[in-house]
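Heads up, the thing below is written out as structure tokens.
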Amino acid sequence: MIRTERTVVGRIEASLKSAGLPSLHWYDVLLELKRGPGGRLTPREIEAAVLFEQYNLSRLLDRMEGEGLVRRIPYPGDKRRQIVEITDEGRALQERMWSVYGAAINRFIGDKLTDREAGQLSALLLKLLQE
């Protein structure tokens with residue numbers, strides 16, 4: 001499972017890179033922010049949603065903020081906390097990335113499995129997540 005995940009993700013990452021786009025980590029953060037109420041989440045909420053370590057997320061958010069994709073806003077009533085908000089540029093990048101990412105998912109996964117096989121795989125993976 002781990003080898004398959006690494007191989008497929010590596011192929012998807014290569015597709016993004018060849019299109020001149022950033023890594024899946026950027027996509028994951030932008031997607032979660034886009035889904036958040038008003039396009040905003042706290043760093044802790046992002047961390048929980050994307051399963052990053054806090055120190056990795058902080059560096060990634062620094063880079064994304066430098067690119068104008070997100071902005072940090074002071075948290076109301078608590079100067080030690082902040083909210084991260086997706087910008088219009090971030091929304092546009094997430095959509096451009098999805099066009100490549102979605103096609104790569106189809107090429108490396110969807111085209112290799114029948115609908116029945118995809119359903120079986122999904123059911124088996126969900127079963128493994130249960131405690």
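Bear in mind that the values here come from a model prediction, so they are computed numbers and not experimental data. Residues take their numbers from the sequence shown, with the count starting at 1.
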Open item on the list: I'd like to know if the side chain of T7 reaches the main chain of R3, judged simply by a donor and an acceptor atom lying under 3.5 Å from each other, with no hydrogens or angles considered.
Closed with: yes
Open item on the list: Any non-hydrogen side-chain atom of N56 less than 4.5 Å from a side-chain atom of R59?
Closed with: yes
Open item on the list: If you compare all heavy atoms of E117 against all heavy atoms of T114, which two are closest, and at what distance to 0.1 Å?
Closed with: OE1-N, 2.8 Å
Task: Note, L124 side chain near L128 side chain (heavy atom, < 4.5 Å) - done: no
- [ ] Verify the cluster assignment for V100 and L30: are they in a single hydrophobic cluster under the rule of side-chain heavy atoms below 4.5 Å apart?
- [x] yes
TODO: Indicate if V50 and V9 have the same hydrophobic cluster label, given that clusters are the connected sets of ILVMFWY residues with side-chain heavy-atom separations under 4.5 angstrom.
DONE: yes
Task: Non-hydrogen side-chain atoms of E95 and K34 separated by less than 4.5 Å - done: yes
For residues 39-47, please give each side-chain donor-acceptor pair under 3.5 Å, one per line with the distance, not counting sequence neighbours.
residue	atom	partner	partner atom	Å
R40	NE	E85	OE2	2.8
R40	NH2	E85	OE2	3.1
T42	OG1	E45	N	3.1
T42	OG1	E45	OE1	3.4
E45	OE1	T42	N	2.8

Task: Cluster link L126 to M1, ILVMFWY, side chain under 4.5 Å - done: no
Open item on the list: Does D115 have more than 12 heavy atoms from other residues, nucleotides or ligands lying within 6.0 Å of its CG?
Closed with: no
Open item on the list: Does atom CG (L129) have a neighbourhood of more than 12 heavy atoms from anything else shown, all under 6.0 Å?
Closed with: yes
- [ ] Following the transitive rule for hydrophobic clusters with a side-chain heavy-atom cut-off under 4.5 Å over Ile, Leu, Val, Met, Phe, Trp and Tyr, establish whether I73 and L69 coincide in one cluster.
- [x] no
- [ ] Would you name the heavy atoms of L33 and V84 that are closest together and state the gap between them?
- [x] CD2-O, 3.3 Å
Open item on the list: What I'd like to find out is whether the side chain of L93 reaches to under 4.5 Å of the side chain of L21, using heavy atoms alone.
Closed with: yes
Task: Verify same cluster id: I83, L61 (apolar side-chain graph, 4.5 Å) - done: no
Task: Partner of I86 under side-chain contact (heavy atoms from CB on, under 4.5 Å), chosen from R35, R71, R91 - done: R91
Review item, side-chain donor-acceptor pairs of residues 11-18, under 3.5 Å, at least two apart:
residue	atom	partner	partner atom	Å
E13	OE1	L24	N	3.3
E13	OE2	L24	N	3.2
S15	OG	R11	O	3.2
S15	OG	R107	NH2	2.9
S18	OG	A14	O	3.3
S18	OG	S15	O	3.0

Open item on the list: Are W26 and V70 packed together at the side-chain level, in the sense that at least one heavy-atom pair is separated by less than 4.5 angstrom?
Closed with: no
